[in-house]
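For reference, the structure is listed below as structure tokens.
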Amino acid sequence: MTGLSNMTERKNLWPWLLLTPLAVFLVVFFVVPLIDVAVMSFTEPRLTFANYERALTGTLYQKVFINTFLTAGFVTLCCLLVGYPLAYLMSVSSQRTAMLILLLVTMSFWTSFLVRTYAWMVLLGTNGPLVWLFQAVGITNPPQLLFTRFSSTLAMVHILAPYMIMNIYSVMRKIDPVLVRSAESLGARGGSLLRHVYLPLTAPGIANGCVLVFVICLGFYVTPVLLGSPREQMIAGLIGTQLDEFLAFGMGSALAMVLLVFTMVILTIYHRHFGLDKLWG
Amino acid sequence: MPKFTLDPASLMTPSRRTFLKATGLAAASTLAAPYVARAEDNVLYINTWGGPWDEAARAHLFDPFTAETGIKIQTLSPVSFAKLAQQVHTGTYEFDITTLGGGELVRANEAGIIEDLEAPYEGGLFENGVASHAFATVMAWRTDKIKEGPKTWAEFWDVERFPGGRSLQRYAARVLPIALLADGVEVKDLYPLDLDRAFESLDRIKDHVRVWWTAGAQSTQILRDGEVDLIGIWHGRYFEAEKAGAPVAMTWNQGEIDRAYWVVAKDTPNAENAKKFIAFATSAKPLAEFVMQADYGALNPASNEFIPADAAARMPTAPANYSQTFEQDMANFGGDPAEASERFEEWLAS
């Protein structure tokens, strides 16, 4: 009897033992520094709530926080509009074609972030191929493309779309084609088939993709600074300025904590509706 | 390998440290923490800008210093003001020496995060930093768009006489003095800055500034590719575009000089060797060779005798060019630079 209970106990402990190295790593390199950041946000330069007051009421910070969340939302929407049809195409293609598309989609992961950003500068620049194309078809005074909201959004969608596509594709691939066929045999066509059958079936993939893209986008910094106008400033850039230029560790920490809290709120809402565990497939 | 000076207090009683920190007495815990001597006594760690800066410094400052003294030099980059402050705060040293600009130097000295130094050459010391080299923010333009360029910042602001897209650095402490000159303020009356007047002047140019550049490489790229027709740019970055064959020209007139200072991290166990290095790096010949390769100007006047005329023509500190330029005065800025910067960012975002 004792031997048996020992064995089940060991079995239950085993996954936790496997998790220990990761847990220790996370505690040492993530949880502890994060607590330090939280403490600094209240104690630098002295014991105070002033950092939070400024972070939440200063016009610059309000504006940039709002812009950060709006940008992340808009980029997420664009990724969904681009990613959903592409993921669908992959799921109905042959294995080979699907792999080929996946390869093309993930290829952008192989180049550095900065290189991709500079590549957009070349493509959209005054002397770039796109403006040349405009002129070739007779548009002599083409619109300014670079250093606008358009260019920074385009680049962010390019960088983040793969997360969306892979999430949706992994769900679409698992959908039993029989379900769609039965729906058709029951008379569902076109829009109604999509709305009542296919969209609900792929909803977990959409939600996963959206949350991932949105959360990653909240932390974007280099792309909007290099490709957008100063009006597209995101909060990560301001945090960097606080730390590196002004040594205002308290203010930088407070801004980071506000961003963290907002992000946690969004993840909590997501968890209530879909369950965080589904994020990993 | 980064080196670590272990702080025994943090190893044995983490809770005491956390408590001290939480009560805002972090400074006390740092002071109370004795150092454990490190194994590598004969190595100096220097925080550098990386890339071409690092190469020039290695060739003309680091290697010759090692050859002369036997003290090895390890570098890490990029330059981080924040790290300098944090390592004094935590007692964990990643580097002994770094370079700072004027504004940062004033703040660092006020915050007590750098060692007291002595002038290795006459007039070389300011706020415990040793003046090493300088660069200038100058106006440059595309000669394919503008035949005869602007000579003053007021002309740079004149969008009717010089139509075309402009670019300036997204950096309040450099842009605000320029905006005042553009509004007709004399150099001698510039500091302390009249911030309200500076922002009014900026209002007039805002719609014509296509890019507020943030990285040196970016400024070269937009000038070289013709994204903008006029730009306020660091002189070294300008010469890069010229070297690449772009149709560009510049003037030294009203160029804005930034100085770079060597500083030693407060309480580093390597302070003695660090001071030796700084004296070497700011001595006439090594400094002259370094600035020639890295496209700076030497701040030790004795270096000028080692700089040939053609190289001097490309330096803001050469007497003929220097007389046309003006210097930043961060000790007399006219307000808190951090607040000015916040106001500038707010102005940009609106």
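All of these numbers come straight from a predicted model, not from anything done at the bench. Within every chain, numbering begins at 1; the chains are lettered A, B, ... in the order of the sequence lines, protein sequences first and strands thereafter.
If you tally non-hydrogen atom pairs under 4.5 Å between each of V209(B), I113(B), V211(B) and chain A, the highest count goes to V211(B). The candidate with the highest count of non-hydrogen atom pairs below 4.5 Å against chain A, out of E342(B), Q221(B), Q218(B), is E342(B). Of the listed residues W213(B), W347(B), Y171(B), the one with more heavy-atom pairs under 4.5 angstrom with chain A than any other is Y171(B).
With a threshold of 4.5 angstrom between heavy atoms, R210(B) approaches chain A through its backbone and through its side chain. Heavy atoms of E232(A) lying under 4.5 Å from chain B are absent altogether. If you measure heavy-atom distances from R343(B) to chain A, you find no contacts under 4.5 Å at all. Interface residue F249(A): only side-chain heavy atoms are found under 4.5 Å from chain B.
In this structure, the side chains of T126(A) and D225(B) stay at 4.5 Å or more apart for every pair of heavy atoms. No side-chain heavy atom of F344(B) sits less than 4.5 Å from a side-chain heavy atom of L60(A). Looking at Q144(A) and E227(B), their side chains never come closer than 4.5 Å, going by heavy atoms from C-beta outward.
Although no hydrogens or angles enter the test, the distance criterion places no donor-acceptor pair under 3.5 Å between the side chain of E346(B) and the main chain of T59(A).
Between H89(B) atom NE2 and E44(A) atom CD the span is 5.0 Å, to the nearest 0.5 Å.
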Start with the C-alpha gap between E345(B) and K63(A), add the side-chain angles, then the distance that decides, and say whether side chain to side chain contact (heavy atoms under 4.5 Å, CB included) holds.
CA-CA 11 Å; E345(B) 284 297 325; K63(A) 206 175 283 173; over 6 Å; no
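Counting heavy atoms of neighbouring residues, nucleotides and ligands inside a 6.0 Å radius, atom CZ of F199(B) exceeds 12 of them.
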